[in-house]
*Asks:* 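Take a look at this one; I'll ask things after.
All values below come from the heavy atoms of this structure, side chains included, with hydrogens, waters and symmetry mates left out. Whatever order the structure lists them in is the order used to number ligands and atoms, beginning at 1. We number each residue from 1, following the sequence as shown.
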Amino acid sequence: MNRVEQPLALDGGPPVRTTPMTSGKRWGFEELREVLDVFESGKLFRFGGEKVPAFEQAFAETFGVRHAVASTSGTAAIHIAIGMVNPDPGDEIIVAPITDGGSVVPILYQGALPVFADSDPETFNVDPAEIERRITSRTRAILVVHLLGNPCDMEAVMEIGGRFNLPIIEDCSQAHGAEYRGRLCGTIGDIGCFSLQASKHITTGEGGMTITNRDDYGERGALFMDKGWTRQPGWGPRTYAFLAPNYRMPEIVGAVGCAQIRKLASIVDRRNHNGDLLNSLITDVPGVHPQTVLAGCKHTYWSWALTVNPEAPFDADTFASALSAEGIGAGAHYIGEPIFLCMDAVCKKITLGESQFPFSYPGAAPVEYNEDTCPRTRDLLQRWVSLGISEFQTEPDIEDMAIALRKVSLGLHKRAQRS
Ligand SMILES: Cc1ncc(COP(=O)(O)O)c(C=O)c1O
């Protein structure tokens, strides 16, 4: 009996996989050498130090942009982007509903309201038509997320941005090195934001980067990262140009980034190869549907995901449990609910003290976030199953994942026929 036809591990059959996936570390001596330089230089601070400026320069060169501002997290990178756009209180920023809280927190901190546009159930990304439906006279920017490393429909997004004269912010926190029709994600819109947290394609443990080709945004972002401090030479009086936090990246962190950015291309290529290979091996598996990649785009697979078809005789929880029993780790529903239902700061408006600011700002339009706000996104998350993918996995690893996916689908179909 071939491996696909054996009884499901869930029912006591032999699991597809009994050994862990091939794994590895994305950091080592290259990073250590850069960090040693910092200790030898005696400079731990980015102003006067060399590593953070060098990391910013290398990041800008890699992405072919004029400005890169390093910061302390992906959330900080997005906050810097919102700070570049500089909304007025009560302005609205349209944002994707499947994302990390870090895409939404900076909008609220800048006094703007997040407005969520529903998802495309094929790509799992925000649907451009839904973005357009939510544009009002208060809309100030559009923030798209290239979810899991899958490029959004940027042609449509840019067309809408151009027509309504709205800046586009790309959240590339899961999409380092992803490409939309030959162009790197993060360089198509007005601003690109990256998380460098430990799980990301390249990492500094914690960290962020905001990139732009616009000089006005670049200059404002560099100030926003540093409390708005204009930093005149010498020890004279100070000026802080506007309200802003301190998101300065330390030199030790920048040193790690200098080594990591050199590894980006090879990490991304291997992840893309592995994810695309898995897609190609399961095209005819019934009852499930992998995340659709738009033609001409390069998905960089921070994670790999599928949806269980609505008519399948099993649900996402059963499918994920059956895969895990086969020795292929899987999880159902990703973030569980659209991000606004996960965050009390949004759905219950618990923000600054009792104020409910910015929702309570007199100039803000009344807005509610509930189960009907993005119905397609809720349905998509209900049917969602994620699998881990990495640059270290070998082709036999990926083949095992494909065998397990096929075995579980066929096994669960057979189970349903029997009952
Ligand atoms: C899409 C997205 N946006 C923003 C963030 C926030 O990044 P950080 O955790 O580095 O603040 C993350 C982090 O996971 C993310 O995945």
*Asks:* Could you check whether the rings of His413 and Phe314 sit parallel, tilted or perpendicular, using 30° and 60° as the cut-offs?
*Replies:* perpendicular
*Asks:* Would one find an N or O of Gln197, backbone or side chain, under 3.5 Å from an N or O of ligand 1?
*Replies:* no
*Asks:* Please report which non-hydrogen protein atom sits nearest to atom 16 (O) of ligand 1, along with the residue it belongs to and the distance in Å to one decimal place.
*Replies:* Gln174 NE2, 2.9 Å
*Asks:* What residues form a ring pair (Phe, Tyr, Trp, His ring centres under 6.0 Å) with His333, not counting sequence neighbours?
*Replies:* none
*Asks:* Any idea which part of Thr75 is under 4.0 Å from ligand 1, heavy-atom wise: side chain, backbone, both or neither?
*Replies:* both
*Asks:* Could you check atom 6 (C) of ligand 1 against the protein and tell me its nearest heavy-atom contact, residue, atom and distance included?
*Replies:* Asp100 OD2, 3.3 Å
*Asks:* For Val145, take its heavy atoms, then give the atoms of ligand 1 lying under 4.0 Å from any of them.
*Replies:* 1 (C)
*Asks:* Check each atom of ligand 1 against the heavy atoms of Ile78 and keep those under 4.0 Å away; list them by number with element.
*Replies:* 4 (C)
*Asks:* Less than 3.5 Å between some nitrogen or oxygen of Gly102 and one of ligand 1, yes or no?
*Replies:* no
*Asks:* Quick check on contacts: which atoms of ligand 1 are under 4.0 angstrom from a heavy atom of Thr99?
*Replies:* 1 (C), 2 (C), 3 (N)
*Asks:* Would you indicate which of Ala96, Gly205, Ser71, Ser173 comes nearest to atom 2 (C) of ligand 1 when only heavy atoms are counted?
*Replies:* Ser173
*Asks:* Quiz question: by atom type and distance under 3.5 Å, do the side chains of His79 and Tyr247 form a donor-acceptor pair?
*Replies:* yes
*Asks:* Please determine if Arg17 and Asp397 form a salt bridge, counting it only when a charged side-chain N lies under 4.0 Å from a carboxylate O.
*Replies:* yes
*Asks:* Got an N/O contact under 3.5 Å between Glu206 and ligand 1?
*Replies:* no
*Asks:* Answer yes or no: does atom CD of Gln57 have more than 12 heavy-atom neighbours from other residues, nucleotides or ligands under 6.0 Å?
*Replies:* no
*Asks:* Any nitrogen or oxygen of Trp302, side chain or backbone, less than 3.5 Å from one on ligand 1?
*Replies:* no
*Asks:* Quick check on side chain to side chain donor-acceptor pair (under 3.5 Å): which of Arg271, Arg270, His273 does Glu391 satisfy it with?
*Replies:* Arg271
*Asks:* Is a side-chain N or O of Thr99 found less than 3.5 angstrom from the main chain of Ala96, in a donor-acceptor match?
*Replies:* no
*Asks:* For atom 8 (P) of ligand 1, which protein heavy atom lies nearest, and how many Å away is it?
*Replies:* Gly74 N, 3.4 Å
*Asks:* With Arg46 as the cation and Phe55 as the aromatic partner, state whether NZ or CZ is under 6.0 Å from the six-membered ring centre and within 45° of the axis.
*Replies:* no
*Asks:* Look only at the side chain of Glu251 and the backbone of Val52, and say whether a donor-acceptor pair between them is shorter than 3.5 Å.
*Replies:* yes
*Asks:* Should you measure from each heavy atom of Ser103, which atoms of ligand 1 turn up under 4.0 Å away?
*Replies:* 3 (N), 4 (C)
*Asks:* Considering non-hydrogen atoms of the protein only, which is the closest contact for atom 3 (N) of ligand 1, and what is the distance?
*Replies:* Asp171 OD2, 2.7 Å
*Asks:* Is it true that Tyr334 and Phe124 have ring centroids separated by less than 6.0 Å?
*Replies:* no
*Asks:* Step through it carefully: locate the ring centre of Tyr217, locate the ring centre of His67, and say whether they are under 6.0 Å apart.
*Replies:* no
*Asks:* Quick test: of every protein heavy atom, which one is nearest to atom 13 (C) of ligand 1, and how far off is it to 0.1 Å?
*Replies:* Lys200 NZ, 2.9 Å
*Asks:* At a 4.0 Å threshold, what atoms of ligand 1 neighbour a non-hydrogen atom of Ser195?
*Replies:* 7 (O), 8 (P), 10 (O)
*Asks:* Any idea which part of Leu147 is under 4.0 Å from ligand 1, heavy-atom wise: side chain, backbone, both or neither?
*Replies:* neither
